[in-house]
Every structure is written in structure tokens, then in C-alpha cells.
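Here's the structure, in C-alpha cells; my notes come after.
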Amino acid sequence: MAITTTMTEAATLARLMTWLSPAFPVGAFAYSHGLERAIHDGLIRDRQSLLAWLEPLLEHGSAWNDAVLLAEAWRRAGAGEDIAEVAELAEAMSGSRERHMETTLQGGAFVDAMAAWSGEPPASEEGPVAYPVAVGSAAARHGIALADALTAYLHAFASNLVQACVRLVPLGQRDGVATLAALESVILRTARRAAASTLDDLGSCTIRADILSMNHETQYSRVFRS
């Protein structure tokens, strides 16, 4: 019995790793979450400035809101409830046109790719769904623990932005790994908070990041879509 349980847990872990790996076709590599503008303006220059930028995003910025929304979608989907209200709220909370595009296009791509496991209809038939809502709903339906889903989602969020900086700053691979190592405790702490959150805990205070995301929309030379 213990072996069966262990193998089941290993299977769900493997599935979660696949969903949130760089190879999963959501196009995360195409988005910098406004980071490209911050680098353009000289606000991110090295590992220290990148760490100072990412920590607030994870603890009380857009990543925190994503984690709260993911947790709510997980709970509702796990209880067999409709997640449409959460999806609508997540879409409305996008702080800029590019943030809206980033979360809805990745969410749609995630749902489409999920057909390999679930046979669900294409996202275009269901309407826009924000990325964290799509991940939270899928995790609940496939028996993935909330804490695991939150940790993996936040780690993928941070990893994608670190990789963007590796290319743009440029930041060396060693500094990139060191940044992720420094963020490990932040990711775990944020995941624990989000697991116990409700929609009343939504709210962010990373104003500069939001403004630079808007400024990126009119940036003359760009590598990333957001």
C-alpha cells in the first residue's frame, strides 16, 4: 500500500513538473512581465538589483495575486464548483494591456495543451482564462496538492524572469542560479501564505513594476511581448 501511494505521488509530481516546465507550450519564454522595460531604464543591472525586483513581486505583487487566484480556483474546482467568477476576477485584475495578454494567452495555451491528459475543449471555446486559474483548476482535478501547485507555479514564474535577465542584462548563468537559490525561501513562504488565503487577501503594492509594464507597451525596441 505504501508503495502504491508513493508511486501515485510520484506520478502527480511528474505531471506537475511537465505542466510548469519550460518545455510546456504556453509560450512563457516570450514574456518578461515588464522586466524588459526595467532593464532598459537601468533599474535592473545585476543579480542584486534583480533579486530586489523579484522579491516584492513574489511577496506582495502580481505573483502574490496569481497565487491567491490559483488557490481559489483549486478549491472551487476540487469541490466541483464553477470557476467562472474567479476567471473573470483574474482577468479584470490585469494591470495593463500586456499583463492581460500575458495571462490570458498563457492560460489559453495551457488549457489547449492539457487536452493531452484531459480531452478538454480548446480554450477558445471556453473564453479567456487567466494562467493561474487554469493551473489551479487543472491541479485540483488531477489530484495535485495545493501546496505543491503553488510552489511549482511561483518557482516557474521566478525562473522565467531570471532567464529573461540572463539574456537581457546580460546576467551570467551562475548569477541566475544564485538568484533562484536566494528566492527559494521567498517562494516557499509565499506558497504557504497563499495556501491559507482567500480572495479577501488579493491586493498588490508593486507600483513601479505596474507602471513599467505599461511603459513597455510603447517601447521602441523590444525582445519580449510583455
Side-chain angles (χ1 to χ4, degrees), residues 17-67 70 93-107 109-110 130-132 135 150-191 193-194 204-226:
M17 291 171 66
T18 299
W19 291 351
L20 293 170
S21 77
F24 205 67
V26 296
F29 62 87
Y31 303 97
S32 79
H33 208 66
L35 207 65
E36 183 171 16
R37 184 71 195 200
I39 295 168
H40 175 275
D41 290 356
L43 298 173
I44 298 176
R45 305 170 301 279
D46 50 27
R47 176 163 57 91
Q48 289 74 25
S49 54
L50 173 60
L51 187 61
W53 188 269
L54 293 181
E55 279 190 24
L57 282 180
L58 287 162
E59 292 190 299
H60 45 256
S62 54
W64 163 250
N65 280 341
D66 276 3
L70 188 157
M93 291 190 68
S94 302
S96 65
R97 181 180 63 84
E98 290 192 351
R99 288 272 181 90
H100 179 270
M101 173 187 67
E102 180 179 348
T103 192
T104 55
L105 291 185
Q106 286 191 82
F110 182 87
Y131 188 35
V135 174
L150 285 166
T151 302
Y153 181 91
L154 292 169
H155 185 274
F157 173 89
S159 295
N160 183 63
L161 297 189
V162 167
Q163 284 303 307
C165 274
V166 167
R167 286 175 277 172
L168 281 175
V169 171
L171 193 72
Q173 291 285 354
R174 288 187 178 181
D175 277 340
V177 171
T179 301
L180 286 173
L183 287 173
E184 188 174 286
S185 61
V186 180
I187 290 169
L188 293 173
R189 185 167 62 246
T190 302
R193 286 172 53 217
S204 64
C205 189
T206 49
I207 299 172
R208 178 176 286 184
D210 293 337
I211 291 174
L212 290 179
S213 177
M214 297 175 193
N215 290 343
H216 186 260
E217 295 177 8
T218 57
Q219 187 169 323
Y220 174 72
S221 178
R222 304 187 348 174
V223 175
F224 293 89
R225 299 187 70 183
S226 74

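Below, all heavy atoms of this structure are taken into account, side chains as well, without hydrogens, waters or symmetry copies.
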request  = Walk me through it: do R189 and E59 pass the test salt bridge (Lys or Arg N to Asp or Glu O under 4.0 Å)?
outcome  = CA-CA 8 Å; R189 185 167 62 246; E59 292 190 299; 2.7 Å; yes
Do you know which two heavy atoms are closest between [X] and [Y], and how far apart they sit?
| X | Y | result |
| --- | --- | --- |
| L183 | A158 | CD1-CB, 4.1 Å |
| T103 | P132 | OG1-CD, 3.6 Å |
| D46 | L171 | C-CD1, 3.8 Å |
| A67 | L154 | CB-CD2, 4.3 Å |
| L58 | T190 | O-CG2, 3.1 Å |
| V169 | I39 | CG2-CD1, 4.0 Å |

F157: partners by ring pair (Phe, Tyr, Trp, His ring centres under 6.0 Å), with sequence neighbours left out =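 If we apply the ring pair (Phe, Tyr, Trp, His ring centres under 6.0 Å) test to F157, skipping adjacent residues, the hits are H33.
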inquiry  = Checking S213 against S96 for the side-chain hydrogen bond (donor to acceptor under 3.5 Å, both in side chains) test, could you report, in this order, the C-alpha distance in whole Å, the side-chain angles of both residues, the deciding distance, and whether it holds?
reply    = CA-CA 7 Å; S213 177; S96 65; 2.9 Å; yes
task = Using modelled atom types only, decide if a donor and an acceptor are shared between the side chain of S21 and the backbone of T18 within a distance under 3.5 Å.
result = yes
ask   = Would a distance-only check, ignoring hydrogens and angles, find a side-chain to backbone donor-acceptor pair under 3.5 Å from S204 to H60?
value =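 Checking the backbone N and O of H60 against the side chain of S204, no donor-acceptor pair under 3.5 Å is found.
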request  = Specify whether Y131 and Y153 have parallel, tilted or perpendicular ring planes, treating 30° as the upper limit for parallel and 60° as the lower limit for perpendicular.
outcome  =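 Answer is tilted, since the angle falls between 30° and 60°.
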Hey, what do you get for [atom1] ([X]) to [atom2] ([Y]), rounding to the nearest 0.5 Å?
| X | Y | atom1 | atom2 | result |
| --- | --- | --- | --- | --- |
| I207 | L212 | CD1 | CG | 12.0 Å |
| L150 | L188 | CG | CG | 11.0 Å |
| T151 | L20 | OG1 | CG | 11.0 Å |
| R174 | T179 | CZ | OG1 | 14.0 Å |

ask   = Can you find a heavy atom in the side chain of L168 that is under 4.5 Å from one in the side chain of L35?
value =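 They are not in contact (no side-chain heavy atoms under 4.5 Å apart), so the answer is no.
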task = Evaluate side-chain hydrogen bond (donor to acceptor under 3.5 Å, both in side chains) for S62 paired with N65, printing each intermediate quantity in order.
result = CA-CA 5 Å; S62 54; N65 280 341; over 6 Å; no
request  = Apply the side chain to side chain donor-acceptor pair (under 3.5 Å) test between S226 and each candidate in E98, R99, E102, E36; give the one that qualifies.
outcome  =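 When E98, R99, E102, E36 are each tested with S226, the side chain to side chain donor-acceptor pair (under 3.5 Å) holds only for E102.
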ask   = In a check of side chain to side chain contact (heavy atoms under 4.5 Å, CB included) between R37 and each of I211, L43, N215, which one passes?
value = N215
message = Tell me if the CD atom of E184 is crowded by more than 12 foreign heavy atoms within 6.0 Å.
response = no
request  = Could you go through the side chain to side chain contact (heavy atoms under 4.5 Å, CB included) check for W19 and V135 one step at a time?
outcome  = CA-CA 8 Å; W19 291 351; V135 174; 5.5 Å; no
Atom pairs and distances, side-chain donor-acceptor, residues 160-167, under 3.5 Å, sequence neighbours left out:
| unit_1 | atom_1 | unit_2 | atom_2 | d |
| --- | --- | --- | --- | --- |
| N160 | ND2 | A28 | O | 3.1 |
| N160 | ND2 | Y31 | O | 3.1 |
| R167 | NE | Q163 | O | 3.4 |

